[in-house]
Amino acid sequence: MNPFSSGTRLRDMIRAIRACKTAAEERAVVRKECAAIRAAVSENDQDYRHRNLAKLMFIHMLGYPTHFGQMECLKLIASSGFPEKRIGYLGLMLLLDERQEVLMLVTNSLKQDLNHSNQYIVGLALCALGNICSAEMARDLAPEVERLLQSRDQNIRKKAALCSIRIIRKVPDLAENFMGPATALLKEKHHGVLITGIQLCHELCKASSEALDYIRKYTEGLVRVLKDVMSSPYAPEYDIAGITDPFLQIRLLKLLRVLGHGDPDSSDSMNDILAQVAAKTESNKNAGNAILYECVATIMGIEATTGLRVLAINILGRFLSNRDNNIRYVALNMLMKAVSVDTQAVQRHRTTILECVKDSDASIRKRALELVFLLVNENNVKPLTKELIEYLEVSDPEFKGDLTDKICSIVEKFSPDKLWFTDQMLKVLSEAGNYVKDEVWHALIVVISNAPELHGYTVRSLYRVIQSSGEQETLVRVAVWCIGEYGDLLVNGTGILEGEEPMTVTESDAIDVVESALKSHTADVTTRAMSLIALLKLSSRFPHCSQRIREIVIQQKGNLILELQQRSIEFNSIIQKHENIKSALVERMPVLDEATYTVKRAGSAQPGAPLEKTSKSTGPATGLNLPNGVVKSAPADLIDLLDLSSDDVPAPASTGDFLNDLLGGGLTTNPSVSGADQAPTSGTDILMDLLSIGTTPQNNHSMPNVMSTTLDNLPSVSPLDSLSLTSPPALSTQTSEVPPATFPKDTSGPTKSLSGLAPVVDLLDGLSSTMPAQSPTYPSIVAFQSNNLKIMFSFSKLPEKPQVTQIEATFTNLSPNVYTDFIFKAAVPKFIQLHLDPASSNVLPAGGNGSIRQTLTVTNSQLGQKALAMRIRLDYIVNNQAVQEQGQINNFPSGL
Amino acid sequence: MIHFVLLISRQGKIRLTKWYSPYSQKERSKVIRELSGVILSRGPKLCNFVEWRGHKVVYKRYASLYFCMCIDQDDNELEVLEIIHHFVEILDRYFGSVCELDLIFNFHKAYFILDEILIAGELQESSKKTVARLIAAQDSLVETAKEEASSISNIISQATK
């Protein structure tokens, strides 16, 4: 006979499996065994059914599929003998879970067994029901369980109580049926029944407020039970480390917490006993500490007296200095909750908590760090940050990420002044620059740019730290950016702060730093691209070194990364050929608008702390609202282009302006340009543009759109077309500071003979001549409105393409909840073509505080015959629930 | 509430799993893989709690076996350590100084014992003696049934001789 047929005993099979030396051998044994069991299943073999199921359970534990055994469980459960049922129920709990439909088939057997005369069989059924019942089964069998709560047998009562917990969890509506029997259990003497009864009451309180009020009446009784257990003489059956039934005490405390929460009267009645537990429980063993811990939680959770709270916090203080890691962990855990109740008391333990941040145990470190984060305020931010940054130097690499994150948000949230903020951030960057998130160093640059008095100091400090910490990527980026912007301040040492060490840096020293950043092996594309920009800027700041810079730049012209290659070639030609406009092109960046950036950051679902403090000082320098066609005096205003993407201003810059500005604003004034008035807004991060990170994909939205709108407008300017058509891809990945599209490549045919600015002037001429009068305007409509959401459509048309309508949709959230993962979908009839541009964001702030914008381009092929129509669908997530709204839009203005 | 109980050997083999919250088979093996990686690699002096996917896993090592229980954020971790110890003591009493091999060959018995201690992820009985008594009573029921069966089959086999 085959040794692995179903004839083998369970023990033999386990031995055979354990004897396997390789996974393949094991698989072979299991396969044989499974085959034998399948054969037995199909033969409907009765004698060995329970043995086969036991084997299957073992095989299941090893991780092999055993679904074919599910029906065997049901058969065993349906058989009459206790051994069969015992194994059958075990298999049921092990092989099935509540989501399997097979489970429904067992309901009937369960019902019979719940009414069985043998108490052990009833126990098996209750146990199975309590562990895996589904909502349907809960409904069907709740009356049986309710009845069993009053059974004569105490073992059945306790099992029925736990089973009821499961039923209530599955179907909270059933809670009220259990209220009466549950409270009856609270009078039991048997600890097992009492414990389960208390747990059932706890569950009921969570499920319904009615039950909570009902059970509150039993507070006195529960307090008495707790008192009795505490003062009971030695009971060997329940004794753990000299304490009588800690499990019961803990559960009593837990239920008291729920009852006392928000209810001064019942809180009052338990104050005494809580004080006794807190004072009398021995804390030299884990069981005692578990009780103390629960007691502290209860004191914190109810409306306790101040004296009691002090007692509780003191217990936690004692825990905190315990040598046992577990105790310290729970202390930190509880202190987190206590912070909201009594910050002062927790603050007293700050030094100890700070020590825990440096613990060798990751769980404790994490807890402590979160707690420290909660404890920081304006008064202690400086010493705490100092400690944390010092620790950053020596912490484990895997902890640095978390730690850096927290330090950054503490520094941002509580920094008393910009100097301190910059200093701390530089320290963090130089210690753990590689762990700093993008938005953090972006924010740092915004702050630096907003503090003109610190420019010199910052760039010099950066120069200093980069000498020693050149391997920290983000530090390098910030340094390169600052040197590019403020290189002159670095060299001539302007704006020296008090106490700052003077230092001599030559122009070529500064260039050395950028060059090494560019050539470093570890630098990624972003850093290199930023270095190139910085070099371009320095070429204007340091005219004497212009030649050297050109040489460095030109080395990248063969770079395999297209972005760098392109920048290199373009910058080279700027340095070489366009000396006259270069200084204007690489003018220092205007102050970045902190408020806008903060809003963007908050809107992009980053929970990072906003720059509350620093945003106050937003200068008036940001000229957002300049009307069309006004020639601006400062050439640096080319940056206005970027504000196309700002949410709160309806894109003021026209295409004409854009080009004007690029060229330094000295040329012609354009009549208003209709096509660009609704220049598409997009989710492009302003800062990304400013930092000239050409590689970020988001960047590709706003610029090409502006440009292509322009191109659409200019069918007649053919040389320009051919010229610019070669550049849109360039433009799309390009930085806004440098207008590559306006500079002809030497190779582009028709413009070859033109030199310098000529084609650019052409371009502008062409623009102004092809911009005729305003196209017809259409009123904006409310396309869709529900209780939660409003959608506005505004329309515009290009005069030469009457069939094409650009619709700008603005979504506003009318509810008090934030929508995330917001997606707008639209469908149109066949004669219409629809194109959706990416939305400005997928997060819709609550209460109308901001909106999402999205541009739709609709081409109506039957213009004049049929009107526009659209079906829309909106999907979003609010409070973790997916919501879908649908609608149809028929109220488009006529003529679209 | 206890969401699941795992017994993992030091080699990462699973000796017992009990799920009180619904996890699909796929999730189960993922959970086991993830947790055994985290827990087995922790040093001996660290605390017995691991934060994991918004839950906490309390574990304790007894000889070559790690007993792990996954609980909610605001459950009492120290008490769960006591529950684990409670379980281990009952196993110890039942098998007479329990070892890993006992739990391998008599895995079903370990499950029966666990079912007398926990239902629906909540504690059922705080007395070790009561649990031992209940298990013994049920074991004897099984024994009697077996004896009966064998005696009947004896009769039949003799009758058909």
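Below, chains carry the letters A, B, ... as their sequence lines are ordered, and counting in each starts from 1.
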Practice task
Measure distances from Asn326(A) to the heavy atoms of chain B and classify the residue's part below 4.5 Å as side chain, backbone, both or neither.
Solution key: both
Problem - Portion of Arg15(B) that has a non-hydrogen atom of chain A nearer than 4.5 angstrom - result: both
Completion exercise
Interatomic distance, CG@Asn155(A) vs OG1@Thr130(B), rounded to 0.5 Å, equals 7.5 Å
Exercise for the section: Decide side chain to side chain contact (heavy atoms under 4.5 Å, CB included) for Leu134(B) and Tyr120(A); before the verdict, give the C-alpha distance in whole Å, the side-chain angles of both, and the deciding distance to 0.1 Å. Expected result: CA-CA 9 Å; Leu134(B) 287 170; Tyr120(A) 295 109; 4.0 Å; yes
Problem - CD on Glu122(B) to CG on Leu200(A), rounded to 0.5 Å - result: 10.0 Å
Completion exercise
Value for CD1 (Ile14(B)) from CE (Met61(A)), rounded to nearest 0.5 Å, stands at 9.0 Å
Problem - When Arg11(A), Glu84(A), His191(A) are compared by non-hydrogen pairs under 4.5 Å with chain B, the top option - result: Arg11(A)
Exercise for the section: Would you mind checking which part of Gln199(A) comes under 4.5 Å of any heavy atom in chain B, side chain (CB onward), backbone (N, CA, C, O), both or neither? Expected result: side chain
Exercise for the section: Identify which part of Leu101(B) has an atom lying under 4.5 Å from any heavy atom of chain A, answering side chain, backbone, both or neither. Expected result: side chain
Practice task
Mind ranking Gln124(B), Glu125(B), Lys129(B) by heavy-atom pairs under 4.5 Å with chain A and telling me who comes out on top?
Solution key: Gln124(B)
Exercise for the section: Nearest 0.5 Å please: distance from the OH atom of Tyr329(A) over to the NZ atom of Lys56(B). Expected result: 4.0 Å
Handout entry: Test item: side-chain donor near acceptor, Ser126(B) and Glu237(A), under 3.5 Å
Key = no
Exercise for the section: Kindly say whether Tyr20(B) contributes a backbone atom to a donor-acceptor pair with the side chain of Asn131(A) at under 3.5 angstrom? Expected result: no
Practice task
Examine whether an atom of Ser29(B) lies under 4.5 Å from a heavy atom of chain A, and if so say whether it belongs to the side chain, the backbone or both; otherwise answer neither.
Solution key: neither
Problem - Any Arg367(A) side-chain heavy atom under 4.5 Å of Glu51(B) side chain - result: yes
Practice task
Test side chain to side chain contact (heavy atoms under 4.5 Å, CB included) on Met93(A) and Tyr111(B) and set out the steps.
Solution key: CA-CA 10 Å; Met93(A) 290 187 276; Tyr111(B) 278 107; over 6 Å; no
Exercise for the section: Take Lys128(B) and Ile240(A), measure what side chain to side chain contact (heavy atoms under 4.5 Å, CB included) needs, and give me the verdict at the end. Expected result: CA-CA 11 Å; Lys128(B) 299 176 194 71; Ile240(A) 294 178; 4.3 Å; yes
Problem - Student check: side-chain heavy atoms of Lys158(A) and Leu123(B) closer than 4.5 Å - result: no
Problem - Which of Ile165(A), Val193(A), Asp239(A), Asp245(A) touches chain B most, by non-hydrogen pairs under 4.5 Å - result: Asp245(A)
Practice task
For the residue pair Phe107(B) and Ile14(A), establish whether any side-chain heavy-atom pair is separated by less than 4.5 Å.
Solution key: yes
Exercise for the section: Report the distance from atom CD1 of Ile104(B) to atom CZ of Arg18(A), rounding to the nearest 0.5 Å. Expected result: 4.0 Å
Problem - CZ/Arg10(B): more than 12 non-hydrogen atoms of other groups inside 6.0 Å - result: no
Exercise for the section: For Ala120(B) and Arg166(A), work out which heavy atoms get closest and say how close. Expected result: CB-CB, 4.1 Å
Completion exercise
Cut-off 4.5 Å, heavy atoms of chain B, and the answer for Leu96(A) is backbone
Exercise for the section: Report yes if some heavy atom in the side chain of Glu116(B) is under 4.5 Å from a heavy atom in the side chain of Lys159(A); otherwise report no. Expected result: yes
Problem - Between Glu77(B) and Asn333(A): side-chain donor-acceptor atoms closer than 3.5 Å - result: yes
Problem - Where Leu78(B) and Ala290(A) come nearest, the two heavy atoms and their spacing - result: CB-CB, 3.5 Å
Handout entry: Per-residue contact mode, Arg251(A) against chain B (heavy atom under 4.5 angstrom)
Key = side chain
Problem - Rounded distance [0.5 Å steps], SG in Cys127(A) versus CG in Leu118(B) - result: 9.5 Å
Problem - Closest-packed option against chain B by number of heavy-atom pairs under 4.5 Å, given Leu62(A), Asn286(A), Ile87(A) - result: Asn286(A)
Exercise for the section: Indicate yes or no: does Arg86(A) engage Asp139(B) in a salt bridge with an N to O separation below 4.0 Å. Expected result: yes
Exercise for the section: Flag the pair Phe58(A) / His108(B) as yes when their ring centroid distance falls below 6.0 Å, and as no otherwise. Expected result: no
Practice task
Taking the side chain as every heavy atom from C-beta outward, state whether Leu141(B) and Asn118(A) have any atom pair closer than 4.5 Å.
Solution key: yes
Problem - Among the listed options Ile83(B), Val80(B), Thr17(B), the residue most often paired with chain A at heavy-atom distances under 4.5 Å - result: Ile83(B)
Problem - NZ (Lys13(B)) with more than 12 external heavy atoms under 6.0 Å - result: no
Handout entry: Side-chain heavy-atom pair Phe49(B), Ile364(A) within 4.5 angstrom cut-off
Key = no
Problem - Residue part contacting chain B, namely of Leu10(A), when any heavy atom lies under 4.5 Å - result: side chain
Fill in the blank from the handout: Greatest number of non-hydrogen atom pairs under 4.5 angstrom with chain A, of Pro22(B), Ser24(B), Ala137(B), falls to Pro22(B)
Problem - Contacting region of Leu95(A) [heavy-atom separation from chain B under 4.5 Å] - result: backbone
Exercise for the section: Start with the C-alpha distance between Gln138(B) and Leu124(A), add both sets of side-chain angles, then the distance that settles side chain to side chain contact (heavy atoms under 4.5 Å, CB included), and finish with yes or no. Expected result: CA-CA 10 Å; Gln138(B) 296 182 56; Leu124(A) 286 177; 4.2 Å; yes
Handout entry: Part of His85(B) lying under 4.5 Å from any heavy atom of chain A
Key = neither
Handout entry: Residue pair Lys337(A) / Asp74(B), side-chain heavy-atom distance below 4.5 Å
Key = yes
Handout entry: Any Thr144(B) side-chain heavy atom under 4.5 Å of Phe82(A) side chain
Key = no
Practice task
Using a cut-off of 6.0 Å, state whether more than 12 heavy atoms not belonging to His190(A) lie near its atom NE2.
Solution key: yes
Exercise for the section: Examine whether an atom of Ile32(B) lies under 4.5 Å from a heavy atom of chain A, and if so say whether it belongs to the side chain, the backbone or both; otherwise answer neither. Expected result: neither
Fill in the blank from the handout: From the list Glu294(A), Arg169(A), Lys254(A), the residue making the most non-hydrogen contacts under 4.5 Å with chain B is Arg169(A)
